[in-house]
Structures are given as C-alpha cells and as structure tokens.
Amino acid sequence: MDIWLWPAIFAIVVLCIYAVYTTMAVAKQTRTRESEMDTPVPEAVKEHPLILNPIIISYVVFLLFLGIVIFYYWAKSGY
C-alpha cells in the first residue's frame with residue numbers, strides 16, 4: 001500500500017483545492033449579486049454542464065486512479 005499513499009494524497013489534495021476554489025467562486029458571485037433572483041446560466045455551462053460540477057470531477061479522478069491501480073496489478077501479475 002506504500003506505493004499508492006502519495007498518489008492518493010496528491011489526488012485528494014488537488015480535489016480539495018478545486019472544491020474550495022469553486023465554492024469560494026460561487027460564494028463570491030452570490031455576495032456581489034446581492035439578490036435572491038437567479039442569474040442566467042453562462043454559455044460555458046450550457047455547452048458543458050458537467051465540467052464545472054466538482055462531484056462529477058471527483059468521480060472521474062477516482063475512476064482514473066482506480067483504473068491505474070487495476071492496470072498496475074494486472075501488469076504485475078504477468079498475465
């Protein structure tokens with residue numbers, strides 16, 4: 001398990017930084033807007049609705065990391 005400790009810590013730190021950054025960006029937009037009305041959805045989000053969702057990005061990173069682990073153990077087994 002020692003070989004996967006640092007990559008796992010790195011992935012967790014990157015995801016946490018991304019989540020904090022997006023949360024602060026949304027909080028800043030809410031503060032500057034000072035309104036209870038919703039704002040129009042930006043064009044970037046309309047075109048790619050999943051790209052700014054931190055939960056989806058976390059799943060993608062997890063699946064990528066899991067794929068690397070599976071490939072590593074498959075390659076190590078010699079089949």
Side-chain angles (χ1 to χ4, degrees):
M1 189 62 189
D2 292 335
I3 193 170
W4 298 109
L5 179 64
W6 290 111
I9 290 173
F10 177 74
I12 290 168
V13 167
V14 168
L15 287 174
C16 287
I17 290 171
Y18 178 75
V20 167
Y21 173 75
T22 55
T23 302
M24 292 300 180
V26 168
K28 183 179 172 183
Q29 288 176 355
T30 303
R31 251 186 274 130
T32 58
R33 188 175 59 207
E34 293 182 5
S35 171
E36 294 182 13
M37 304 289 283
D38 286 340
T39 59
V41 177
E43 287 297 320
V45 176
K46 285 182 184 177
E47 293 174 9
H48 306 286
L50 301 179
I51 199 74
L52 295 177
N53 189 339
I55 295 172
I56 301 295
I57 293 173
S58 298
Y59 281 128
V60 168
V61 170
F62 168 73
L63 291 174
L64 180 67
F65 191 66
L66 183 64
I68 291 170
V69 170
I70 290 171
F71 179 76
Y72 172 78
Y73 284 115
W74 172 78
K76 187 177 176 182
S77 70
Y79 284 108

side-chain contact (heavy atoms from CB on, under 4.5 Å) filter on Ile9, not counting sequence neighbours, yields Leu5, Trp6, Val13

Hits for ring pair (Phe, Tyr, Trp, His ring centres under 6.0 Å) against Phe65, two or more places apart or cross-chain, chain-then-number order -> Trp4

Contacts of Tyr59 meeting ring pair (Phe, Tyr, Trp, His ring centres under 6.0 Å) (sequence neighbours excluded), chain-then-number -> none

To the nearest 0.5 Å, atom NZ of Lys76 lies from atom OH of Tyr73 at 6.0 Å

Across all chains, not counting sequence neighbours, the side-chain contact (heavy atoms from CB on, under 4.5 Å) partners of Leu15 are Ile57, Ser58, Val61

Under a side-chain separation threshold of 4.5 Å, the hydrophobic residues clustered together with Ile12 are none

By side-chain contact (heavy atoms from CB on, under 4.5 Å), Leu63 pairs with (sequence neighbours left out) none

Problem - Contact check, side chains of Val14 and Phe10, non-hydrogen atoms, under 4.5 Å - result: yes

